[in-house]
Amino acid sequence: MFELLKTDPGSKARLGRLTTSRGTIDTPVFMPVGTQGSVKALDPRELLEMHTQIILGNTYHLFIRPGLDIITGAGGLHRFMSWEKPILTDSGGFQVFSLAKIRKIKPHGVEFRSHLDGSLLFLGPRESMEIQRVLGSDIAMVFDDCPPHTATPKEVRAAVERTVRWAQECREQPRAKGQHVFGIVQGGSHGEFRESCAKALVEMDFDGYAIGGVSVGEPEPEMMQAVELTEPFLPATKARYAMGLGTPAQMVELVARGVDMFDCVLPTRVARNGTAFTRKGTYSIKGGSYKADFRPIEEGCRCFACARFTRAYIRHLLNVNEILGLRLVSIHNSHMYLEVMEEIRRHLGQGTFSEYRQKFIANYIPTQKVLATRGQTLVRGADE
Ligand SMILES: [Zn+2]
(Lines give C-alpha, C1' and ligand atoms only; values in the text may rest on other atoms or scores of the structure.)
Protein backbone atom coordinates (compact mmCIF):
# COMPACT_ATOMS: atom_id res chain seq x y z
CA MET A 1 0.00 0.00 0.00
CA PHE A 2 2.81 2.44 0.87
CA GLU A 3 5.92 2.83 -1.20
CA LEU A 4 8.86 4.67 0.34
CA LEU A 5 10.49 6.43 -2.61
CA LYS A 6 13.20 8.47 -0.95
CA THR A 7 14.50 9.48 2.48
CA ASP A 8 16.04 12.89 3.10
CA PRO A 9 19.73 12.63 4.07
CA GLY A 10 19.52 15.63 6.42
CA SER A 11 16.39 14.65 8.38
CA LYS A 12 13.79 11.92 8.75
CA ALA A 13 11.66 13.36 5.93
CA ARG A 14 10.28 10.86 3.45
CA LEU A 15 8.93 10.99 -0.07
CA GLY A 16 6.36 8.28 -0.65
CA ARG A 17 3.30 7.04 -2.45
CA LEU A 18 0.16 5.62 -0.93
CA THR A 19 -2.04 3.41 -3.11
CA THR A 20 -5.78 3.11 -2.56
CA SER A 21 -8.52 1.68 -4.76
CA ARG A 22 -9.51 5.25 -5.68
CA GLY A 23 -6.07 6.34 -6.76
CA THR A 24 -2.57 7.01 -5.52
CA ILE A 25 -1.59 9.73 -3.07
CA ASP A 26 1.82 11.39 -3.16
CA THR A 27 3.22 11.96 0.32
CA PRO A 28 3.85 14.02 2.38
CA VAL A 29 0.21 15.00 1.96
CA PHE A 30 -2.20 17.45 3.52
CA MET A 31 -5.80 16.23 3.78
CA PRO A 32 -8.47 18.96 3.91
CA VAL A 33 -11.03 18.21 6.61
CA GLY A 34 -14.60 17.45 5.54
CA THR A 35 -15.99 16.55 8.95
CA GLN A 36 -19.67 16.73 8.11
CA GLY A 37 -19.35 15.51 4.53
CA SER A 38 -18.13 18.88 3.27
CA VAL A 39 -14.84 20.76 3.43
CA LYS A 40 -16.31 23.90 4.91
CA ALA A 41 -17.15 26.52 2.26
CA LEU A 42 -15.41 24.62 -0.57
CA ASP A 43 -16.95 22.48 -3.29
CA PRO A 44 -15.34 19.38 -4.84
CA ARG A 45 -14.45 21.22 -8.05
CA GLU A 46 -12.47 23.81 -6.08
CA LEU A 47 -10.77 21.06 -4.09
CA LEU A 48 -9.70 19.33 -7.30
CA GLU A 49 -8.46 22.62 -8.78
CA MET A 50 -6.10 23.03 -5.82
CA HIS A 51 -4.85 19.44 -6.31
CA THR A 52 -6.47 17.88 -3.24
CA GLN A 53 -5.55 14.20 -3.23
CA ILE A 54 -7.58 12.94 -0.28
CA ILE A 55 -10.02 14.43 2.23
CA LEU A 56 -11.22 13.52 5.69
CA GLY A 57 -14.68 12.52 6.85
CA ASN A 58 -15.84 11.90 10.38
CA THR A 59 -17.58 8.85 11.76
CA TYR A 60 -19.05 10.48 14.87
CA HIS A 61 -20.61 13.43 13.06
CA LEU A 62 -21.91 11.49 10.06
CA PHE A 63 -23.30 8.77 12.32
CA ILE A 64 -25.30 11.36 14.26
CA ARG A 65 -26.29 13.38 11.18
CA PRO A 66 -27.48 12.49 8.58
CA GLY A 67 -27.23 8.90 9.90
CA LEU A 68 -26.23 5.71 8.16
CA ASP A 69 -29.58 5.05 6.44
CA ILE A 70 -29.23 8.19 4.37
CA ILE A 71 -25.60 7.52 3.46
CA THR A 72 -26.39 3.90 2.58
CA GLY A 73 -29.28 5.14 0.43
CA ALA A 74 -26.93 7.54 -1.33
CA GLY A 75 -24.54 4.69 -2.11
CA GLY A 76 -21.78 5.61 0.32
CA LEU A 77 -20.05 8.80 1.39
CA HIS A 78 -18.19 9.39 -1.89
CA ARG A 79 -21.45 9.49 -3.86
CA PHE A 80 -23.35 11.36 -1.16
CA MET A 81 -20.84 14.24 -1.28
CA SER A 82 -19.81 13.85 -4.93
CA TRP A 83 -16.13 13.24 -4.23
CA GLU A 84 -14.47 10.53 -6.30
CA LYS A 85 -10.98 10.64 -4.84
CA PRO A 86 -9.91 8.89 -1.63
CA ILE A 87 -11.47 9.63 1.76
CA LEU A 88 -9.98 8.86 5.16
CA THR A 89 -12.49 8.53 7.98
CA ASP A 90 -11.69 9.30 11.58
CA SER A 91 -13.04 6.62 13.92
CA GLY A 92 -15.06 8.93 16.14
CA GLY A 93 -12.93 8.12 19.18
CA PHE A 94 -11.57 11.65 19.44
CA GLN A 95 -15.05 13.22 19.24
CA VAL A 96 -16.59 10.82 21.75
CA PHE A 97 -13.86 11.64 24.25
CA SER A 98 -13.88 15.39 23.62
CA LEU A 99 -17.41 16.31 22.46
CA ALA A 100 -19.92 13.91 23.92
CA LYS A 101 -21.70 15.09 27.04
CA ILE A 102 -21.99 12.14 29.40
CA ARG A 103 -20.04 8.99 28.98
CA LYS A 104 -19.39 5.65 30.53
CA ILE A 105 -16.38 3.75 29.28
CA LYS A 106 -17.25 0.07 28.93
CA PRO A 107 -15.07 -2.87 27.88
CA HIS A 108 -16.28 -2.70 24.27
CA GLY A 109 -16.78 1.02 23.76
CA VAL A 110 -18.24 4.22 25.14
CA GLU A 111 -21.78 5.10 26.11
CA PHE A 112 -22.41 8.78 25.54
CA ARG A 113 -25.05 11.36 24.91
CA SER A 114 -25.21 13.07 21.55
CA HIS A 115 -23.87 16.63 21.77
CA LEU A 116 -26.86 17.65 19.65
CA ASP A 117 -30.00 16.24 21.24
CA GLY A 118 -28.77 14.33 24.27
CA SER A 119 -29.88 10.94 22.95
CA LEU A 120 -28.01 7.97 24.41
CA LEU A 121 -25.61 6.38 21.95
CA PHE A 122 -22.89 3.75 21.99
CA LEU A 123 -19.71 3.67 19.93
CA GLY A 124 -16.94 1.12 20.19
CA PRO A 125 -14.51 -0.67 17.88
CA ARG A 126 -17.25 -2.80 16.29
CA GLU A 127 -19.68 0.08 15.77
CA SER A 128 -16.99 2.43 14.48
CA MET A 129 -15.67 -0.07 11.94
CA GLU A 130 -19.20 -0.89 10.81
CA ILE A 131 -19.97 2.80 10.27
CA GLN A 132 -16.70 3.29 8.37
CA ARG A 133 -17.51 0.21 6.27
CA VAL A 134 -20.89 1.72 5.35
CA LEU A 135 -19.32 5.13 4.66
CA GLY A 136 -16.98 3.26 2.33
CA SER A 137 -13.87 5.26 3.14
CA ASP A 138 -10.56 4.27 1.56
CA ILE A 139 -8.69 4.52 4.85
CA ALA A 140 -10.45 3.74 8.13
CA MET A 141 -9.00 4.57 11.53
CA VAL A 142 -9.24 2.29 14.57
CA PHE A 143 -11.42 3.38 17.47
CA ASP A 144 -9.05 4.63 20.16
CA ASP A 145 -9.11 6.23 23.60
CA CYS A 146 -7.67 9.73 23.25
CA PRO A 147 -7.00 11.20 26.71
CA PRO A 148 -6.61 14.98 27.21
CA HIS A 149 -3.08 16.30 27.64
CA THR A 150 -3.85 16.94 31.32
CA ALA A 151 -4.37 13.20 31.95
CA THR A 152 -2.34 11.58 34.74
CA PRO A 153 0.19 8.84 33.86
CA LYS A 154 -2.25 6.30 35.30
CA GLU A 155 -5.03 7.56 33.01
CA VAL A 156 -2.70 7.55 29.99
CA ARG A 157 -1.65 3.98 30.76
CA ALA A 158 -5.31 2.90 30.92
CA ALA A 159 -6.01 4.71 27.64
CA VAL A 160 -3.09 2.92 25.96
CA GLU A 161 -4.27 -0.49 27.20
CA ARG A 162 -7.79 0.21 25.97
CA THR A 163 -6.49 1.57 22.65
CA VAL A 164 -4.47 -1.61 22.03
CA ARG A 165 -7.37 -3.90 22.96
CA TRP A 166 -9.80 -1.95 20.79
CA ALA A 167 -7.31 -1.88 17.90
CA GLN A 168 -7.26 -5.68 17.93
CA GLU A 169 -11.06 -5.73 17.89
CA CYS A 170 -11.12 -3.25 14.97
CA ARG A 171 -8.62 -5.42 13.11
CA GLU A 172 -11.06 -8.34 13.18
CA GLN A 173 -14.10 -6.46 11.83
CA PRO A 174 -15.30 -6.65 8.22
CA ARG A 175 -14.12 -3.81 5.94
CA ALA A 176 -15.39 -2.10 2.83
CA LYS A 177 -13.86 -3.43 -0.41
CA GLY A 178 -10.24 -2.26 -0.67
CA GLN A 179 -10.45 -0.33 2.64
CA HIS A 180 -7.17 0.14 4.49
CA VAL A 181 -7.09 0.38 8.28
CA PHE A 182 -4.61 2.45 10.30
CA GLY A 183 -3.71 1.90 13.95
CA ILE A 184 -3.44 4.90 16.31
CA VAL A 185 -0.58 5.25 18.79
CA GLN A 186 -1.51 6.89 22.09
CA GLY A 187 0.68 7.41 25.15
CA GLY A 188 0.71 11.16 25.77
CA SER A 189 4.16 12.55 26.42
CA HIS A 190 5.37 9.33 28.07
CA GLY A 191 8.08 7.57 26.09
CA GLU A 192 7.46 4.16 27.63
CA PHE A 193 3.72 4.27 26.84
CA ARG A 194 4.33 5.50 23.29
CA GLU A 195 6.81 2.68 22.76
CA SER A 196 4.62 -0.09 24.18
CA CYS A 197 1.55 1.15 22.27
CA ALA A 198 3.44 1.43 18.97
CA LYS A 199 5.03 -2.01 19.37
CA ALA A 200 1.70 -3.69 20.18
CA LEU A 201 0.04 -2.08 17.16
CA VAL A 202 2.93 -2.87 14.79
CA GLU A 203 2.61 -6.48 15.89
CA MET A 204 -0.98 -6.41 14.57
CA ASP A 205 0.36 -5.26 11.18
CA PHE A 206 -1.90 -2.34 10.24
CA ASP A 207 -1.77 -0.67 6.81
CA GLY A 208 -0.45 2.54 8.36
CA TYR A 209 0.01 4.19 11.74
CA ALA A 210 -1.27 7.43 13.17
CA ILE A 211 0.23 9.38 16.01
CA GLY A 212 -2.78 10.28 18.13
CA GLY A 213 -3.10 12.25 21.33
CA VAL A 214 -1.50 15.28 19.68
CA SER A 215 -3.36 18.52 18.97
CA VAL A 216 -5.23 18.07 22.25
CA GLY A 217 -4.22 21.43 23.69
CA GLU A 218 -0.62 20.57 24.54
CA PRO A 219 2.18 23.12 24.03
CA GLU A 220 4.12 22.77 20.76
CA PRO A 221 7.33 21.31 22.26
CA GLU A 222 5.27 18.55 23.88
CA MET A 223 3.54 17.82 20.57
CA MET A 224 6.87 17.57 18.74
CA GLN A 225 8.18 15.34 21.52
CA ALA A 226 5.19 12.99 21.29
CA VAL A 227 5.97 12.51 17.60
CA GLU A 228 9.70 12.03 18.27
CA LEU A 229 8.92 9.45 20.96
CA THR A 230 6.66 7.47 18.62
CA GLU A 231 8.38 7.61 15.23
CA PRO A 232 11.32 5.28 15.98
CA PHE A 233 8.91 2.42 16.69
CA LEU A 234 6.95 2.75 13.44
CA PRO A 235 7.98 0.65 10.43
CA ALA A 236 9.62 2.63 7.61
CA THR A 237 7.51 0.76 5.07
CA LYS A 238 4.16 2.08 6.34
CA ALA A 239 2.65 5.58 6.17
CA ARG A 240 2.67 7.74 9.32
CA TYR A 241 -0.11 10.20 10.01
CA ALA A 242 -0.03 12.99 12.66
CA MET A 243 -3.67 13.55 13.55
CA GLY A 244 -5.10 17.06 13.67
CA LEU A 245 -1.86 18.91 12.85
CA GLY A 246 -0.84 21.65 12.38
CA THR A 247 0.26 25.12 11.19
CA PRO A 248 2.31 25.25 7.94
CA ALA A 249 5.55 25.64 9.93
CA GLN A 250 4.62 22.74 12.21
CA MET A 251 3.91 20.55 9.18
CA VAL A 252 7.35 21.33 7.72
CA GLU A 253 8.95 20.40 11.06
CA LEU A 254 6.85 17.25 11.37
CA VAL A 255 7.77 16.14 7.85
CA ALA A 256 11.40 16.49 8.99
CA ARG A 257 10.50 14.16 11.88
CA GLY A 258 9.23 11.45 9.55
CA VAL A 259 5.50 12.20 9.26
CA ASP A 260 3.77 11.58 5.89
CA MET A 261 0.15 12.63 6.40
CA PHE A 262 -1.59 15.62 7.98
CA ASP A 263 -5.07 16.97 8.51
CA CYS A 264 -6.07 20.22 10.16
CA VAL A 265 -9.18 22.35 10.46
CA LEU A 266 -7.15 25.56 10.79
CA PRO A 267 -7.09 26.72 7.13
CA THR A 268 -10.88 26.72 6.82
CA ARG A 269 -11.68 27.55 10.45
CA VAL A 270 -9.60 30.72 10.68
CA ALA A 271 -10.69 31.72 7.17
CA ARG A 272 -14.18 32.16 8.51
CA ASN A 273 -12.84 34.93 10.81
CA GLY A 274 -10.96 36.53 7.93
CA THR A 275 -7.52 35.19 8.88
CA ALA A 276 -5.20 34.33 6.01
CA PHE A 277 -2.22 31.98 6.07
CA THR A 278 0.85 33.16 4.21
CA ARG A 279 4.47 32.04 4.07
CA LYS A 280 5.22 34.79 6.60
CA GLY A 281 2.55 33.68 9.06
CA THR A 282 -1.08 34.74 9.45
CA TYR A 283 -2.83 38.10 9.29
CA SER A 284 -6.39 39.34 9.55
CA ILE A 285 -7.69 40.77 6.28
CA LYS A 286 -10.32 42.62 8.30
CA GLY A 287 -7.60 45.01 9.51
CA GLY A 288 -8.17 48.67 8.64
CA SER A 289 -4.82 48.88 6.86
CA TYR A 290 -6.18 46.68 4.04
CA LYS A 291 -9.10 48.99 3.29
CA ALA A 292 -7.51 50.27 0.07
CA ASP A 293 -4.91 47.52 -0.41
CA PHE A 294 -5.26 46.28 -3.95
CA ARG A 295 -2.73 43.48 -3.69
CA PRO A 296 -3.86 39.82 -3.54
CA ILE A 297 -4.12 38.00 -0.18
CA GLU A 298 -0.56 36.75 -0.70
CA GLU A 299 1.66 38.10 -3.42
CA GLY A 300 2.92 35.37 -5.74
CA CYS A 301 0.11 32.96 -4.79
CA ARG A 302 -1.50 31.17 -7.73
CA CYS A 303 -4.82 30.32 -6.11
CA PHE A 304 -8.11 31.40 -7.65
CA ALA A 305 -8.71 34.00 -4.91
CA CYS A 306 -5.30 35.62 -5.34
CA ALA A 307 -5.44 35.49 -9.15
CA ARG A 308 -8.70 37.46 -9.26
CA PHE A 309 -9.37 39.45 -6.09
CA THR A 310 -7.75 42.05 -3.84
CA ARG A 311 -7.43 42.40 -0.09
CA ALA A 312 -9.57 45.52 -0.25
CA TYR A 313 -12.40 43.65 -1.97
CA ILE A 314 -12.21 40.60 0.32
CA ARG A 315 -12.07 42.84 3.40
CA HIS A 316 -15.17 44.60 2.14
CA LEU A 317 -16.99 41.27 1.62
CA LEU A 318 -16.06 40.12 5.13
CA ASN A 319 -17.21 43.40 6.65
CA VAL A 320 -20.62 43.21 5.02
CA ASN A 321 -20.93 39.46 5.75
CA GLU A 322 -20.97 38.37 2.14
CA ILE A 323 -20.42 34.59 1.96
CA LEU A 324 -17.96 35.02 -0.91
CA GLY A 325 -15.48 36.70 1.46
CA LEU A 326 -14.98 33.68 3.70
CA ARG A 327 -15.08 31.37 0.69
CA LEU A 328 -12.20 33.23 -0.96
CA VAL A 329 -10.09 33.14 2.21
CA SER A 330 -10.90 29.42 2.60
CA ILE A 331 -9.76 28.83 -0.99
CA HIS A 332 -6.50 30.70 -0.42
CA ASN A 333 -5.72 29.04 2.93
CA SER A 334 -6.44 25.51 1.73
CA HIS A 335 -4.47 26.11 -1.46
CA MET A 336 -1.55 27.42 0.61
CA TYR A 337 -1.50 24.27 2.80
CA LEU A 338 -1.65 22.01 -0.25
CA GLU A 339 1.02 23.98 -2.08
CA VAL A 340 3.43 23.82 0.86
CA MET A 341 3.11 20.03 0.68
CA GLU A 342 3.70 20.09 -3.07
CA GLU A 343 6.84 22.18 -2.52
CA ILE A 344 8.03 19.78 0.19
CA ARG A 345 7.60 16.82 -2.16
CA ARG A 346 9.43 18.63 -4.94
CA HIS A 347 12.36 19.53 -2.66
CA LEU A 348 12.52 16.00 -1.26
CA GLY A 349 12.71 14.73 -4.83
CA GLN A 350 15.50 17.19 -5.67
CA GLY A 351 17.37 16.58 -2.42
CA THR A 352 16.98 20.21 -1.29
CA PHE A 353 14.53 19.74 1.60
CA SER A 354 16.95 20.93 4.30
CA GLU A 355 17.41 24.31 2.57
CA TYR A 356 13.67 24.60 2.01
CA ARG A 357 12.93 23.78 5.65
CA GLN A 358 15.45 26.31 6.94
CA LYS A 359 14.15 29.08 4.71
CA PHE A 360 10.50 28.30 5.44
CA ILE A 361 10.96 28.35 9.21
CA ALA A 362 13.04 31.54 9.06
CA ASN A 363 10.29 33.34 7.10
CA TYR A 364 7.31 32.04 9.04
CA ILE A 365 6.36 33.97 12.16
CA PRO A 366 3.86 31.89 14.14
CA THR A 367 0.89 33.74 15.56
CA GLN A 368 0.14 32.71 19.11
CA LYS A 369 -3.52 33.49 18.62
CA VAL A 370 -3.84 30.97 15.82
CA LEU A 371 -2.07 28.29 17.83
CA ALA A 372 -4.34 28.98 20.78
CA THR A 373 -7.44 28.75 18.60
CA ARG A 374 -6.51 25.22 17.64
CA GLY A 375 -5.79 24.05 21.18
CA GLN A 376 -8.78 25.62 22.88
CA THR A 377 -11.40 24.62 20.39
CA LEU A 378 -10.20 21.06 20.15
CA VAL A 379 -10.01 20.58 23.88
CA ARG A 380 -13.41 22.09 24.50
CA GLY A 381 -14.82 20.19 21.59
CA ALA A 382 -15.68 22.10 18.48
CA ASP A 383 -17.90 21.69 15.49
CA GLU A 384 -15.11 20.06 13.53
ZN1 LIG B 1 -3.91 32.69 -2.72
Side-chain angles (χ1 to χ4, degrees), residues 29-42 44 47 52 54-72 74 76-83 85-101 103 109-110 112-117 119 121-146 166 170 175-176 179-182 184 208 210 212-216 241-245 261-269 272 330 334 374 377-384:
V29 63
F30 174 70
M31 307 182 278
V33 181
T35 309
Q36 312 259 20
S38 156
V39 177
K40 288 191 194 301
L42 303 178
L47 290 169
T52 303
I54 173 174
I55 60 168
L56 230 77
N58 190 272
T59 291
Y60 172 92
H61 289 287
L62 295 167
F63 167 58
I64 291 181
R65 271 191 320 197
L68 291 190
D69 289 352
I70 303 292
I71 293 180
T72 305
L77 182 58
H78 291 82
R79 283 199 189 163
F80 186 51
M81 62 182 293
S82 189
W83 175 254
K85 284 184 172 265
I87 296 178
L88 179 149
T89 42
D90 192 356
S91 66
F94 182 86
Q95 284 72 23
V96 165
F97 283 94
S98 61
L99 273 188
K101 283 177 185 158
R103 64 176 198 256
V110 185
F112 62 96
R113 290 194 181 275
S114 156
H115 72 289
L116 286 179
D117 60 7
S119 58
L121 299 166
F122 187 86
L123 207 56
R126 279 165 193 273
E127 293 76 13
S128 172
M129 293 308 286
E130 174 57 14
I131 296 167
Q132 295 183 80
R133 189 186 67 75
V134 171
L135 294 174
S137 58
D138 303 278
I139 302 173
M141 303 301 298
V142 299
F143 188 81
D144 62 328
D145 180 343
C146 180
W166 286 351
C170 287
R175 307 174 176 190
Q179 190 175 48
H180 298 300
V181 177
F182 280 21
I184 304 177
V214 287
S215 188
V216 291
Y241 162 29
M243 301 183 82
L245 295 173
M261 302 167 73
F262 301 90
D263 79 283
C264 191
V265 296
L266 274 182
T268 46
R269 176 177 293 160
R272 301 198 290 278
S330 296
S334 302
R374 179 179 61 89
T377 44
L378 288 181
V379 163
R380 259 206 331 262
D383 58 341
E384 289 180 275

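- Residues that satisfy the side chain to side chain donor-acceptor pair (under 3.5 Å) test with Asn58, not counting sequence neighbours, are Asp90, Gln95.
- Ser114 pairs by the side chain to side chain contact (heavy atoms under 4.5 Å, CB included) definition with Ile64, Leu116, Asp117, Ser119, Leu121, not counting sequence neighbours.
- Scored by the ring pair (Phe, Tyr, Trp, His ring centres under 6.0 Å) test, Trp166 finds Phe143 as partners (sequence neighbours excluded).
- Note: Gln132 CD to Ile87 CD1 = 11.5 Å, rounded to the nearest 0.5 Å.
- Among residues two or more places apart in sequence or in another chain, the ring pair (Phe, Tyr, Trp, His ring centres under 6.0 Å) test is passed with Tyr60 by Phe112, His115.
- Within the 4.5 Å cutoff, the side chain of Val216 has heavy atoms near those of the Cys146 side chain.
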>> Could you walk me through whether Leu62 and Ile131 satisfy the side chain to side chain contact (heavy atoms under 4.5 Å, CB included) test, starting with their C-alpha distance in whole Å, then the side-chain angles of each, then the deciding distance to 0.1 Å, before giving a yes or no?
In response: CA-CA 9 Å; Leu62 295 167; Ile131 296 167; 6.0 Å; no
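- Residues Thr268 and Val39 meet the side-chain proximity criterion, which asks for heavy atoms closer than 4.5 Å.
- Rounding to the nearest 0.5 Å places CD1 of Ile184 at 4.5 Å from OG of Ser91.
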Note to self: Show, in sequence, the C-alpha distance, side-chain angles and deciding distance for Tyr241 and Leu88, and conclude whether the side chain to side chain contact (heavy atoms under 4.5 Å, CB included) test is met.
What the structure shows: CA-CA 11 Å; Tyr241 162 29; Leu88 179 149; 3.9 Å; yes
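- With sequence neighbours excluded, the residues satisfying side chain to side chain contact (heavy atoms under 4.5 Å, CB included) with Val181 are Met129, Ala140, Val142, Arg175, Phe206, Asp207.
- Counting only heavy atoms from C-beta outward, the side chains of Phe182 and Met261 approach each other to under 4.5 Å.
- Atoms CG and OG, from Leu266 and Ser215 in turn, are 8.0 Å apart once rounded to the nearest 0.5 Å.
- Here CG of Leu56 is found 13.5 Å from CZ of Phe262. Values are rounded to the nearest 0.5 Å.
- Between Met81 and Pro44, the shortest heavy-atom distance links the atoms O-CG, 3.8 Å.
- Screening residues 131-143 for salt bridge (Lys or Arg N to Asp or Glu O under 4.0 Å), with sequence neighbours left out, gives Arg22-Asp138, Glu130-Arg133.
- Remark: Thr52 engages no residue in a side chain to side chain donor-acceptor pair (under 3.5 Å) (not counting sequence neighbours).
- Every salt bridge (charged side-chain N to carboxylate O under 4.0 Å, His left out) that Asp145 has, sequence neighbours left out, goes to Arg162.
- Every residue two or more places apart in sequence or in another chain that forms a side chain to side chain donor-acceptor pair (under 3.5 Å) with Ser137 is listed here: Thr89, Gln179.
- Remark: Leu47 CG to Trp83 CH2 distance equals 5.0 Å, nearest 0.5 Å.
- Here the closest non-hydrogen pair linking Pro32 and Ile54 is CD-O, 3.3 Å.
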Worked check of side chain to side chain contact (heavy atoms under 4.5 Å, CB included) between Phe30 and Cys264
CA-CA 8 Å; Phe30 174 70; Cys264 191; 4.0 Å; yes
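- Met141 approaches Ala210 most closely through the heavy-atom pair CE-CB, 3.4 Å.
- For the atom pair CD1 of Ile71 and CZ of Phe63, the computed distance is 11.0 Å after rounding to the nearest 0.5 Å.
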